[in-house]
Amino acid sequence: MTLVTELTSRKADTTAPLIDPLVDRWSPRAFDPNAVVDEEALRTVLEAARWAPSANNSQPWRFIVARRGTAAFTTAHDAMAGFNQVWADSAAALVINIAEIADDEGKPRPWARYDLGQAVAHLTVQAQHEGLHTHQMGGFDAAALHAAFELADNLEVVSITTIGVLGDVDALPDVLRERESAPRLRKPLAELVLLGE
Ligand SMILES: Cc1cc2nc3c(=O)[nH]c(=O)nc-3n(C[C@H](O)[C@H](O)[C@H](O)COP(=O)(O)O)c2cc1C
C-alpha cells in the first residue's frame with residue numbers, strides 16, 4: 001500500500017460509533033492544486049454554518065470566501081505564517097472566519113468566538129459529507145487581514161478554514177509529509193469528563 005493510499009483514510013479510532021463525517025474528518029495539508037470547489041458546494045457548507053446555534057440567536061459569524069486564484073486568496077495567503085503558506089496555496093478556497101464581538105451599539109457579545117467556532121464546526125462536518133476536506137488554521141496575522149479587508153472595529157478575524165479536495169501527499173516537503181502520516185491522537189474521555197460517570 002502506498003503512502004497516498006493510506007492517507008485517503010485517516011479515520012478516527014473512536015470508542016463509540018459516530019456518524020461518518022465525524023469519523024472521516026481530518027485536517028490534511030495535501031490538497032489537489034487543480035481541484036475546483038463549485039459554487040453549490042461552497043453555498044452548502046456556508047449554509048451549514050448559517051444554521052448553527054448561537055447565544056440569543058445572535059449569529060455573530062461573518063465569512064470572507066476566497067477561491068484560489070483571486071486577489072482575496074492572495075491577501076489571506078500573504079498573511080499566513082510560512083509553515084502554513086507552503087501547503088495552503090493548494091486549497092481550492094479559503095474561508096476567513098470572523099466574529100462579531102460587539103453589537104451595533106457597542107455592547108460586547110461574550111459568546112461570539114464560541115458561536116463562530118460552532119458555526120465553523122458545522123461547516124467542516126458538512127464539507128466532509130460533500131466529499132471535501134477542511135483544515136483550520138490560527139497561524140496567520142489577523143490584524144493584517146482586518147486591515148486589508150477594511151473590517152469594522154466590532155469584527156475580529158479568528159481563524160481561516162482551507163477547503164479542498166485531497167491531493168498528492170508526495171508533493172509536500174519532507175517535514176509535512178511525515179506529519180501527514182503521524183498517528184491521530186486524542187486524550188481519553190476519562191480525562192476530559194471531570195465529573196460524571
Ligand atoms: C483554531 C485552530 C487553529 C489551528 N491552527 C493550525 C495552523 O496554524 N496550522 C496547521 O497546520 N494546523 C492548524 N490547525 C489544525 C490542528 O492542528 C488539527 O485540527 C489538530 O492537530 C487535530 O487534527 P485533525 O483535525 O486531523 O483531527 C488548527 C486547528 C484549529 C481548530
Side-chain angles (χ1 to χ4, degrees), residues 3-4 6-33 45 48-49 52 60-64 66 68 73 75-99 101 111-146 155-169 171-189 191-192:
L3 187 59
V4 173
E6 282 171 2
L7 289 180
T8 56
S9 175
R10 300 262 288 148
K11 289 179 190 292
D13 181 15
T14 66
T15 58
L18 303 183
I19 57 171
D20 287 346
L22 290 178
V23 175
D24 294 339
R25 188 212 61 79
W26 62 285
S27 302
R29 292 186 179 83
F31 287 104
D32 179 345
V45 299
W61 41 69
R62 302 290 181 270
F63 304 102
I64 292 173
R68 189 179 53 240
F73 189 104
T75 300
H77 190 259
D78 287 350
M80 291 177 192
F83 64 90
N84 284 326
Q85 281 181 336
V86 292
W87 59 267
D89 55 354
S90 299
L94 305 174
V95 177
I96 302 171
N97 304 313
I98 299 164
I101 55 173
W111 305 105
R113 296 173 194 84
Y114 180 95
D115 292 340
L116 172 68
Q118 190 153 221
V120 174
H122 277 213
L123 180 151
T124 64
V125 173
Q126 187 69 40
Q128 198 68 44
H129 180 73
E130 303 299 320
L132 300 168
H133 274 78
T134 56
H135 191 142
Q136 299 173 60
M137 75 169 69
F140 64 93
D141 185 341
L145 289 190
H146 192 278
L155 298 181
E156 182 180 300
V157 180
V158 175
S159 60
I160 298 176
T161 307
T162 59
I163 303 179
V165 173
L166 274 185
D168 180 4
V169 75
L172 289 173
D174 288 351
V175 61
L176 291 186
R177 195 166 55 238
E178 280 160 25
R179 279 207 214 169
E180 296 296 89
S181 53
R184 297 188 60 223
L185 301 174
R186 290 299 190 267
K187 293 173 181 168
L189 259 188
E191 196 180 319
L192 304 178

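Every number for a ligand or one of its atoms is a count from 1 in the order of the listing.
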If the threshold is 4.0 Å, N to carboxylate O, is there a salt bridge linking Arg10 and Glu180?
no
Side chain to side chain contact (heavy atoms under 4.5 Å, CB included) test vs Phe31 passes for just one of Val165, Thr162, Asp168, namely Thr162
Listed partners of Asp78 passing side chain to side chain contact (heavy atoms under 4.5 Å, CB included), at least two apart
Thr74
Protein residues near ligand 1, heavy-atom distance below 4.0 Å?
Arg25, Trp26, Ser27, Arg29, Phe83, Asn84, Trp87, His135, Gln136, Met137, Gly138, Gly139, Arg184, Arg186
In Å, rounded to the nearest 0.5 Å, how long is the span from CE of Met137 to CZ of Phe83?
8.0 Å
Geometric class of the Phe73/His77 ring pair [parallel <30°, tilted 30-60°, perpendicular >60°]:
parallel
To the closest 0.5 Å, what do you measure between CD (Gln136) and CD1 (Ile160)?
11.0 Å
